[in-house]
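This report refers to the structure that appears directly beneath it.
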Amino acid sequence: MNLEYYISSYCHIRNNEVSVNGASFFKDEKNATFSDFSKKTYKELNLSYSKFFKMDNLSKLAFLAAEFVLKDNNQKENSAIILTNRASSLDTDRKHQESIQDKDSFYPSPAVFVYTLPNI
């Protein structure tokens with residue numbers, strides 16, 4: 001069995017812009033927060049997955065990138081997705097650190113902690 005591996009599609013999400021295969025697909029000209037940008041991008045894709053809004057930022061990035069890459073892919077069953085970033089789970093690590101530094105309401109959330117695991 002001879003398998004060929006190649007990149008058929010790729011997506012970059014950075015600086016409030018989504019590019020697919022090098023072409024800009026969606027850009028928010030405003031200096032929006034990631035939360036606002038991800039919501040606009042989600043709506044641009046016309047998706048219906050309400051759990052998206054409960055995801056942490058890293059999960060939202062992965063979800064959106066997968067949607068863009070797989071949107072026109074006719075061979076989904078023979079596909080793999082590789083996700084990379086520069087900061088691992090730094091966004092979630094910071095939220096976890098904030099929760100353990102607050103001496104008045106010290107109770108680190110297990111739901112936040114689980115997303116710090118890529119750095120452990």
Side-chain angles (χ1 to χ4, degrees):
M1 184 160 100
N2 186 10
L3 297 175
E4 288 189 35
Y5 301 103
Y6 58 92
I7 297 172
S8 61
S9 186
Y10 62 93
C11 175
H12 289 145
I13 301 176
R14 57 181 162 212
N15 301 324
N16 290 349
E17 180 176 11
V18 178
S19 62
V20 180
N21 300 327
S24 181
F25 179 84
F26 177 74
K27 185 173 186 173
D28 188 0
E29 298 295 337
K30 299 174 187 169
N31 197 10
T33 63
F34 175 76
S35 180
D36 292 337
F37 172 74
S38 64
K39 288 175 190 173
K40 288 178 185 176
T41 306
Y42 174 88
K43 289 177 182 174
E44 184 73 22
L45 285 168
N46 198 26
L47 299 171
S48 178
Y49 186 70
S50 60
K51 293 180 183 179
F52 175 82
F53 299 101
K54 294 184 179 188
M55 293 179 184
D56 72 308
N57 289 338
L58 196 55
S59 297
K60 286 179 182 178
L61 271 173
F63 180 91
L64 291 171
E67 285 295 325
F68 279 107
V69 169
L70 296 174
K71 190 170 77 157
D72 297 324
N73 184 344
N74 295 326
Q75 297 181 352
K76 292 179 180 135
E77 66 278 353
N78 292 324
S79 297
I81 295 178
I82 300 171
L83 303 168
T84 64
N85 71 26
R86 286 189 303 191
S88 189
S89 60
L90 184 60
D91 183 56
T92 309
D93 293 347
R94 287 180 175 153
K95 286 180 186 171
H96 180 68
Q97 183 64 35
E98 287 172 13
S99 75
I100 62 176
Q101 279 188 298
D102 187 352
K103 293 178 179 160
D104 295 330
S105 62
F106 177 83
Y107 185 74
S109 168
V112 172
F113 173 75
V114 73
Y115 289 106
T116 67
L117 296 177
N119 278 342
I120 294 176

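Because the structure is predicted, anything quoted here is derived from the model rather than measured. The first residue in the sequence is number 1, and the count goes up from there.
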Requested in this report: Decide if the gap between the ring center of Phe26 and the ring center of Phe68 is smaller than 6.0 angstrom.
Outcome: no
Query raised in the report: Would the Phe53 and Tyr42 ring centres measure less than 6.0 Å apart?
Result: yes
Query - side chain to side chain contact (heavy atoms under 4.5 Å, CB included) between Tyr49 and Glu67, worked out - result: CA-CA 12 Å; Tyr49 186 70; Glu67 285 295 325; over 6 Å; no
**Report entry** side chain to side chain contact (heavy atoms under 4.5 Å, CB included) assessment of Ile81 paired with Leu70
**Finding:** CA-CA 9 Å; Ile81 295 178; Leu70 296 174; 3.7 Å; yes
Query raised in the report: Lys71 and Leu45: side chain to side chain contact (heavy atoms under 4.5 Å, CB included), yes or no, with the steps?
Result: CA-CA 9 Å; Lys71 190 170 77 157; Leu45 285 168; 4.2 Å; yes
Query raised in the report: Judged by atom type as modelled, is there a donor-acceptor pair below 3.5 Å linking the side chain of Ser19 to the main-chain atoms of Gly22?
Result: no
Report task. Give a yes or no on whether the backbone of Asn31 and the side-chain of Asn16 come within a donor-acceptor separation of less than 3.5 Å. Result -> no
Can you tell me how far the [atom1] atom of [X] sits from the [atom2] atom of [Y], to the nearest 0.5 Å?
X     : Y     : atom1 : atom2 : result
Asp36 : Asp28 : CG    : CG    : 8.0 Å
Asn57 : Phe37 : CG    : CZ    : 12.0 Å
Ile13 : Asn15 : CD1   : CG    : 12.0 Å
Ser8  : Asn21 : OG    : CG    : 8.0 Å
Thr41 : Phe63 : OG1   : CZ    : 12.0 Å
Leu64 : Cys11 : CG    : SG    : 8.0 Å

Query - Cluster overlap Leu61 with Leu47, hydrophobic side-chain contacts below 4.5 Å - result: yes
Report task. Please answer: with hydrophobic residues joined when any side-chain heavy atoms are less than 4.5 Å apart, are Phe34 and Met55 in the same cluster? Result -> yes
Query raised in the report: Is it true that the NZ or CZ of Lys60 lies under 6.0 Å from the centre of Phe52's six-membered ring and within 45 degrees of the ring axis?
Result: yes
